[in-house]
Amino acid sequence: MKDNLLALLESAVARLQADGTLPGDLTPKIQVTTTKDASHGDFACNLAMMLAKPAGQPPRAVAELLIAALPDDPTVNKVEIAGPGFMNFYMAQAAQSEIVRTILDLGDTFGRSQSGAGEKVQVEFVSANPTGPLHVGHGRGAAVGDCLCRLLEATGWQVTREFYYNDAGAQIDNLALSVQARCLGHGPDHESWPADGYRGDYIKDVADDYMAGKKVDAADHHVIGAADPDDLDAIRHFAVAYLRREQDLDLRAFGVVFDVYFLESGLYQADKVDEAVQRLVEQDHAYEADGALWLRTTEFGDDKDRVMRKKSGGYTYFVPDVAYHLDKWQRGFKRVINEQGADHHSTITRVRAGLQGLDMGIPQGWPEYVLHQMVTVMRGGEEVKISKRAGSYVTLQDLIEEVGRDATRYFLAARRTDSQLTFDIDLARSRTNDNPVFYIQYAHARVCSVMRQLEEKNLDHDPAQGNLHLDRLDSEHESRLIKRLAQYPELVEAAARNLEPHNLAHYLRELANDFHSYYNAEQFIVEDDELRAARVNLILATRQVLRNGLDLLGVSAPESM
RNA sequence: GCGCCCGUAGCUCAGCUGGAUAGAGCGCUGCCCUCCGGAGGCAGAGGUCAGGGGUUCGAAUCCCUUCGGGCGCGCCA
């Protein structure tokens with residue numbers, strides 16, 4: 001509907017330009033918005049106000065000219081000029097009927113588009129190091145990242161989900177030492193405990209399995225415990241595999257699956273890090289000072305230069321990151337999105353600077369970043385900080401066990417990523433309309449329940465017959481609901497384009513609200529066969545959109561609750 | 001001190017990239033089941049959009065500034 005109006009307005013502008021009423025060199029960005037208030041019609045356009053100045057006429061006069069130049073269209077009932085110069089469009093009943101018909105027709109594909117044109121995009125998210133269980137912050141990353149992927153897929157992109165982790169650095173050495181200490185029966189308070197050792201109880205679980213010679217099957221690791229407390233190398237391999245497996249189990253329970261696991265050690269094995277550094281030196285973006293090798297990141301907007309190779313010889317953390325992103329580029333991803341916690345935002349400048357310094361034609365703003373702010377968890381009005389297992393933070397597993405996958409995913413994805421998130425466990429667990437997840441799922445289950453009622457009453461529903469009588473859907477609740485359904489495709493499009501999954505969550509709440517209102521106001525199973533068929537088609541269309549939207553969030557759509 | 005993010009109803013948050021009288025949910029007050037699931041619906045009260053400037057037909061939205069809060073500012077990762 002909206003697209004059609006845009007086309008009509010474009011041709012009106014063209015017509016006025018042709019006869020000289022409007023300057024010919026204008027290419028106005030025409031905006032059509034759905035109205036908040038039914039007294040403003042179905043759609044509103046502010047074009048006349050934008051053209052007032054170049055046209056040299058008051059907005060309302062321009063609006064009159066535009067309306068006169070508008071081609072006839074059967075879906076438009078009337079156009080009014082209102083307020084300072086808005087053009088309000090009232091749509092014909094036929095346009096509304098068409099929406100219901102289209103939704104039922106397209107089913108699962110309603111709301112999907114091809115705007116990504118099958119282009120490749122890689123989304124890297126979670127990327128936790130295998131040194132412990134995933135915590136709430138990773139959970140937010142997983143929920144947001146996966147929802148982004150689903151949105152991109154729904155809009156025609158070919159998505160690769162990637163998980164990057166460090167399996168060889170100082171943190172991993174520390175992990176191995178911690179497990180070793182546990183193998184020897186030492187706890188965190190023992191005098192020989194490593195200085196910055198991982199103190200959580202899970203380290204003991206790793207040690208026990210290692211000593212028992214158990215087998216670990218992770219997505220990209222298969223290891224048997226060597227049971228030798230002196231073999232630090234074997235301990236390291238086992239611990240990494242063990243914790244990767246734990247993370248995979250958490251992610252699977254969360255409904256998130258990755259296509260690629262990328263190991264930092266692979267970069268070193270293939271000399272990718274040295275090659276990248278070499279290239280930066282050759283391109284004259286690096287220099288030696290104080291016994292270290294520096295990258296001139298100030299050339300690319302950083303406030304000071306950064307060390308690449310330390311005096312002691314090793315690379316600083318962002319150097320392999322540059323090599324890693326070069327590898328992504330070389331794999332042919334013209335578009336890469338990194339979803340990360342905002343606490344790492346300072347790396348963005350460095351990684352991009354490194355990539356620019358390579359001078360290999362990588363665009364300045366590449367890769368894109370989506371950063372999420374911190375999560376705090378509340379229970380009983382108090383902040384929850386400790387998990388027994390992990391020691392120092394609330395784990396994703398804790399949340400999934402306590403409130404379930406659906407609520408966890410919804411709550412973690414339902415907020416703008418750039419504001420801090422308070423996860424209220426009591427709210428997420430509640431089964432009333434305080435809780436948007438259950439409210440939305442309940443709307444879906446309610447439609448299913450009506451369908452069951454129809455069957456019990458031996459009233460066969462024929463969608464084709466319903467489609468013939470959609471013009472009977474003329475109540476206020478019905479047109480409101482239909483208008484909401486019509487917004488879904490552009491909402492998905494915008495959420496994907498702006499990388500803002502939370503919009504989807506809010507939309508679904510509003511859709512459910514419209515449905516529940518309708519449910520209370522009108523009876524669907526009525527005597528009148530034609531009216532009944534039409535109304536059932538409308539609630540089936542509603543169910544379809546609820547289902548499609550929940551699927552993009554990775555939340556289930558239960559038939560009964 | 002510098003950089004990034006945030007500040008909207010008592011609370012938790014939206015606000016479609018500058019539009020009409022700033023919206024939801026919770027909480028509060030009062031209503032609605034001879035009816036498809038009351039796990040629901042309707043109505044009311046509640047606002048200096050943190051404060052102050054600016055940009056223009058028009059600002060919660062863009063710019064400047066002040067004040068609050070979070071996160072970063074290492075030859076740690």
Side-chain angles (χ1 to χ4, degrees), chain A residues 31 33-37 39-40 44-46 49-50 52-53 58-59 82-86 88 129 131 166 169-172 174 196 264 289-294 302-304 306-318 320-321 341-349 371-374 376 378 414-422 424 427 430-436 438-439 441-443 445-454 456-457 487 490-491 494-495 498 500 502-503 505-507 509-510 512-513 515-526 535-536 539 560-561:
Chain A
Q31 293 172 22
T33 54
T34 55
T35 55
K36 291 176 222 164
D37 192 332
S39 69
H40 296 147
C45 178
N46 62 354
M49 293 184 289
M50 295 172 70
K53 193 176 274 184
F86 288 102
N88 291 337
N129 282 339
T131 53
N166 177 351
Q171 288 188 44
I172 300 297
N174 193 11
D196 296 310
E264 183 179 335
D290 304 329
L293 181 68
W294 297 69
D302 206 350
D303 55 347
K304 51 186 167 188
R306 306 290 168 176
V307 170
M308 287 200 289
R309 197 191 310 112
K310 295 178 263 186
K311 205 184 296 179
S312 57
Y315 291 119
T316 52
Y317 75 97
F318 84 93
D321 241 24
D343 52 345
H344 290 112
H345 80 265
S346 62
T347 75
I348 296 175
T349 314
L371 302 179
H372 64 257
Q373 299 287 331
M374 276 181 47
T376 49
M378 305 288 285
R415 296 268 181 274
R416 285 169 56 211
T417 52
D418 49 14
S419 65
Q420 287 163 240
L421 165 62
T422 307
D424 184 336
L427 178 60
S430 77
R431 309 213 151 212
T432 62
N433 71 340
D434 318 3
N435 183 342
F438 283 91
Y439 185 79
Q441 290 181 320
Y442 179 45
R446 247 183 168 175
V447 178
C448 295
S449 172
V450 173
M451 298 311 288
R452 285 191 293 270
Q453 280 292 320
L454 274 173
E456 276 174 32
K457 294 181 178 168
Q487 290 167 11
E490 60 182 270
L491 179 114
N498 302 326
E500 289 179 338
H502 72 278
N503 288 330
H506 284 272
Y507 169 83
R509 211 213 170 265
E510 274 157 21
N513 187 7
F515 170 76
H516 286 304
S517 294
Y518 181 37
Y519 183 97
N520 263 267
E522 310 278 358
Q523 192 83 11
F524 309 139
I525 303 180
V526 290
R535 285 186 173 167
V536 172
I539 64 169
S560 63
M561 309 172 56

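A, B, ... follow the sequence lines: proteins, then strands. Residue 1 opens every chain.
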At under 4.0 Å, does any side-chain N or O of Arg306(A) touch on OP1 or OP2 of rC73(B)?
no
Short side-chain N/O contact from Lys310(A) to OP1 or OP2 of rC76(B), under 4.0 Å:
yes
Is there a side-chain contact between [X] and [Y] (heavy atoms, below 4.5 Å)?
X         : Y         : result
Lys310(A) : Thr316(A) : yes
Met451(A) : Val536(A) : yes
Tyr518(A) : Ile539(A) : yes
Asn46(A)  : Gln31(A)  : yes
Tyr317(A) : Thr347(A) : yes

[X] [atom1] - [N] [atom2] separation (whole Å):
X         : N       : atom1 : atom2 : answer
Leu421(A) : rA14(B) : CG    : C1'   : 15 Å
His502(A) : rC6(B)  : NE2   : C1'   : 14 Å
His372(A) : rC6(B)  : NE2   : P     : 15 Å
Ile525(A) : rC36(B) : CD1   : P     : 9 Å
Arg416(A) : rU12(B) : CZ    : P     : 15 Å
Tyr507(A) : rG15(B) : OH    : P     : 16 Å
Glu522(A) : rC42(B) : CD    : C1'   : 14 Å
His345(A) : rC73(B) : NE2   : C1'   : 8 Å

[N] - base-pair partner by Watson-Crick or wobble geometry, distances under 3.5 Å:
N       : answer
rU17(B) : none
rC42(B) : rG30(B)
rG1(B)  : rC73(B)
rA59(B) : none

Under 4.0 Å, heavy atoms only, any strand: does [X] hit a base, just the sugar-phosphate, or nothing?
X         : result
Met49(A)  : base
Asp424(A) : nothing
Thr33(A)  : nothing
Lys457(A) : nothing
Ala292(A) : base
Phe318(A) : nothing
Gln171(A) : sugar-phosphate
Ala414(A) : nothing
Ala52(A)  : nothing
Asp321(A) : nothing
Thr349(A) : nothing
Met561(A) : base
Asn46(A)  : base
Arg415(A) : sugar-phosphate

[N] to [M] separation - [atom1] atoms, rounded to the nearest Å:
N       : M       : atom1 : result
rA45(B) : rC5(B)  : P     : 38 Å
rA14(B) : rC31(B) : C1'   : 28 Å
rU21(B) : rC49(B) : C1'   : 15 Å
rG23(B) : rG15(B) : P     : 15 Å
rG46(B) : rU8(B)  : C1'   : 14 Å
rC62(B) : rC26(B) : P     : 30 Å
rG1(B)  : rG47(B) : C1'   : 36 Å
rG44(B) : rU56(B) : P     : 39 Å

Which of the following nucleotides, [options], is nearest to the side chain of [X]?
X         : options                   : result
Tyr519(A) : rA77(B), rC36(B), rG40(B) : rC36(B)
Ser419(A) : rC35(B), rU17(B), rA14(B) : rA14(B)
Asn503(A) : rU56(B), rG15(B), rC76(B) : rG15(B)
Ser517(A) : rG41(B), rU56(B), rC36(B) : rG41(B)
Ser449(A) : rC36(B), rG40(B), rA20(B) : rC36(B)
Tyr317(A) : rG72(B), rA77(B), rA20(B) : rA77(B)
Tyr442(A) : rC36(B), rG40(B), rC75(B) : rG40(B)

For Phe515(A) and Tyr519(A), take the angle between the two ring planes, folded into 0 to 90°, and tell me which bin it lands in: parallel under 30, tilted 30 to 60, perpendicular over 60.
tilted
Quick check: any donor-acceptor pair below 3.5 Å linking the side-chain of Asn520(A) to the base of rG40(B)?
yes
Mark yes or no for a side-chain to base donor-acceptor pair under 3.5 Å between Asn88(A) and rA20(B), with no hydrogen or angle criteria applied.
yes
Measure from the side-chain N and O atoms of Asp302(A) to the backbone N and O of Thr349(A), and report whether any donor-acceptor pair falls under 3.5 Å.
no
Can you tell me if Asn166(A) uses its side chain to pair, donor with acceptor, with the backbone of Glu264(A) under 3.5 Å?
no
Smallest separation among heavy atoms of [X] and [Y], with atom names:
X         : Y         : answer
Ile172(A) : Thr131(A) : CD1-CG2, 3.9 Å
Val307(A) : Ala292(A) : CG1-CB, 4.1 Å
Pro59(A)  : Gly85(A)  : CB-CA, 4.3 Å

Judged by each residue's nearest nucleotide on RNA chain B, which is more toward the 5′ side, Glu490(A) or Thr422(A)?
Thr422(A)
Is there ring stacking between Phe86(A) and rA20(B), where the centres must be under 5.5 angstrom apart and the planes under 30 degrees?
yes
What pairs with Ser312(A) under side-chain hydrogen bond (donor to acceptor under 3.5 Å, both in side chains), at least two apart in sequence or on another chain?
none
Nucleotide by nucleotide, 5' to 3', does protein get under 4.0 Å of the base (B), only the sugar-phosphate (S), or neither (-) in nucleotides 21-30 of chain B, counting heavy atoms?
----SS----
Anti or syn - rC33(B), cut at 90° from 0
syn
Is the base of rU61(B) syn or anti, where syn means the angle lies within 90° of 0?
anti
